[in-house]
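Below is one structure, written out as structure tokens; the observations come after it.
Note that this is a predicted model, so its numbers are computed, not measured. Proteins get letters first, then strands, A, B, ... in listed order; numbering begins at 1 in each.
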Amino acid sequence: MSGLGVLAVAATTAALAYLAATDPKRRRAFGLAPWHRPRHATVAWSIALGVGPILLAAGTASDVVVWLGAITVIGWGIAAVNPVTAGRLVQAAERMWPSLVGRCRRFLPGHLLSAAVRQDGLDRRIATLEQRIARLEARLAASASSDTRPPSDRSIG
Amino acid sequence: MVVARTTQAQMKRLTAVHGWSGVVLGLLLYVVVFTGAVAVIGEEIGLWAQGGRAAALHLRAPLDAPVRDVIDQVPKGFQNEIGVLIDGRGTLTVYTEIHARHPQRGEIEAFGQVFRLAPETGALLSRHEGFFADHPDWFQVNALEIFLVDLHEELHVPDPWGRILTGGLGLLAMSAAVSGLILHRQLIRDLFLAARPGGRLSAMRDRHLLAASWGLPFAFLLGFTGAFFGFGGPVLFPLLAGVAFGGDRAALVARLFEPPAAPDETAMPLTDLDQVIAEARTQAGAPVRSLIIHRYGRADARLRLFHAIPSGGLDGAQSVFDGASGRFLGLRPAVGQAPSAGATVVGLMEPLHFGDFAGWLSKAVWLGLGWAMAYVVVSGLRLWVRRREADRLWRRFGRAVTATAYGLPVAMLTSAYGHFLALGADADPFFWTPWAFLLGIPIGLTPALLTGDDARSVHRYRLLLAGGCLLAPIVRLGTGGLDWAAAVAGGQGAVLVVDTALVLIGVGLLAAALRRRPPPTTGAVETAA
């Protein structure tokens, strides 16, 4: 792939990441505050998709096809990573490259860090409750299979 | 009101069609899609399995003299079509081809002689004669690669039904993509909606919709091109021959693929192949991968040279030369005698389906697209089962989904093990690789059969696959495979990359299995649902 193709993929990836971070439905689903700044969705979509025709004119046919395939896979990857996991990845990156992440921090949506803490607690609570339900269902099944008395002889409690 | 009711009824029917078509053929579609994703890197897997390959796969001088020596040994009746290529081991292969009826199968198939020569000296390494389909080892050097590719193309169902089946599954993929697009009314708004946490039905739906939405264009494209390849040979080709050429397939082949020439049986020696190859490389701007000689030794001889894909291109060119004078006659399209929209479309089918036009980069992207499609199929089936889990029959189907989703990679790994063990024991890998796959099927089904608890069987599958992936490089090395030092010294990157990928996948699966252990039972007997 030519350098222009790589740039095109990078530009589209950045635009898709921005759209994902600021998407109102995504933020609402994960309990995040609405994006407080102007969203610029049209500009972001224009960048994300507009590099295609530029690549078609200035690049090669191979570049265009690889770009189309790459943004499909990358877009799915970006969208599939929920804000909590994205925040954890940012925190991990901050531990590994503190100066770099610190310089970029002002460009990163602040919710990526706070959401990780809040949603982490929710995730654990949901997982704990689901495990408890599974254990109770197993006890109920065991109890039902071992209780062979006629219904009239069974007492409550 | 009437339009709204009709639209609602249509939506319900479309949901039923989308769901039921996926349920009826979804497991087969998953097999085709998953094996297709693996087949994208089939060449690399073959290189890994055979211990690397020669540095160049292009025809290069001098080969004129050894090729002529071989052809002069061939009876006149076999000199109408002669092919020359370099195989994966760097061996110069010359083959003659006629079409004859197979005595057992009763079908008209390719028959001829195959000569394998040392490229540097032209010395004859081996000579064979027979039906090509009965001896894949004469042309291909890697049984594992052929097996995996054939599994994807035909599901190892006898020809032509295997290709018709996979062609039909390509149509299914297309129709599912279209029906899914119509059903998902908020596709753009949900494009960045990640799966909500927890194991709830809504989270499963989110995962399926997200993967399907992003993969929609390529699911349609891969389904379309897959259907083309599936139906092309057994259905489209005979149909075209019957409609346009009165059933004469030879005339169809000549019209579509062979360069025209006024018949002239005057004896005339073939032009110098080395000069032709050098000029072809200049004309097409890419090296020559293989060539075909039509009507050797005649004044109307023609040479067709097939070039490698140039940098930035999508498909390799085809150059044509006068076989007697060596005059360059031009570049030919994929089909037909002159460039056309149809020829352009046909020429795009291969690169868009195989994804091998830009080396490892396009293969990596196509691998991702294939796995995304496989994820869409499995997540859709699991969503269907989850909505009906109160029904015992659908719970059993859910176990079949898990068994297929995880069991297929298990069986494919055992085919690799069988390949290596056959090589180590000096047995025929073309025989043992498929048998190892068959042996892998019951192994792949066992975790799902042992328990009705889906979480528990998934946990066991992850451990099984992790072990299989981590042991594969060790078995490869233990059976005489190329070690890493020799691979680095020989520039055999595929060996290192595949070994490393298997180790990383194995570690990832092991970590996932250990992190997400299913909750322990409280002594209740695990009953199969």
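- Your options are B:G355, B:G312, B:G215, and the one with the most heavy-atom pairs under 4.5 Å with chain A is B:G312.
- Contact annotation for B:L352: only side-chain heavy atoms (C-beta onward) come within less than 4.5 Å of a heavy atom of chain A.
- Proximity to chain B (any heavy atom under 4.5 Å) is restricted, for A:I71, to the backbone atoms N, CA, C and O.
- By the side-chain hydrogen bond (donor to acceptor under 3.5 Å, both in side chains) test, B:R382 is found to be paired with B:T402, B:D454, residues two or more places apart in sequence or in another chain being considered.
- Heavy atoms closer than 4.5 Å to chain B are found in both the backbone and the side chain of A:T72.
- Here the closest non-hydrogen pair linking A:A29 and B:L193 is CB-CD1, 3.6 Å.
- Around CZ of B:R386, the count of heavy atoms belonging to other residues, nucleotides or ligands within 6.0 Å exceeds 12.
- The local environment of CZ in B:F229 is crowded, with over 12 non-hydrogen atoms from other residues, nucleotides or ligands closer than 6.0 Å.
- Minimum interatomic distance between A:K25 and B:R189 (heavy atoms only, all atoms of both residues): CD-O, 4.0 Å.
- In this structure, B:W360 places its CH2 atom where only 12 or fewer heavy-atom neighbours from other residues, nucleotides or ligands lie under 6.0 Å away.
- Each of B:L361, B:L216, B:L221 has some count of heavy-atom pairs under 4.5 Å with chain A, and the biggest count is that of B:L361.
- Taking the side chain as every heavy atom from C-beta outward, A:L16 and B:F192 approach each other to under 4.5 Å.
- Among residues two or more places apart in sequence or in another chain, the side-chain hydrogen bond (donor to acceptor under 3.5 Å, both in side chains) test is passed with A:E137 by none.
- Of all the heavy atoms in B:A372 and A:W76, the pair that sits closest is CB-CZ3, 3.5 Å.
- The environment of B:W394 atom CH2 is dense: over 12 non-hydrogen atoms of other residues, nucleotides or ligands sit within 6.0 angstrom.
- Within residues 6-14 of chain A, no residue has any heavy atom less than 4.5 Å from a heavy atom of chain B.
- Below 4.5 Å, heavy atoms of chain B meet heavy atoms from A:T60, A:A61, A:S62, A:V65, A:V66, A:L68, A:G69, all part of residues 55-69 of chain A.
- At most 12 heavy atoms of other shown residues, nucleotides or ligands fall within 6.0 angstrom of atom CZ in A:R132.
- Proximity to chain A involves both the backbone and the side chain of B:A211, based on heavy atoms less than 4.5 angstrom apart.
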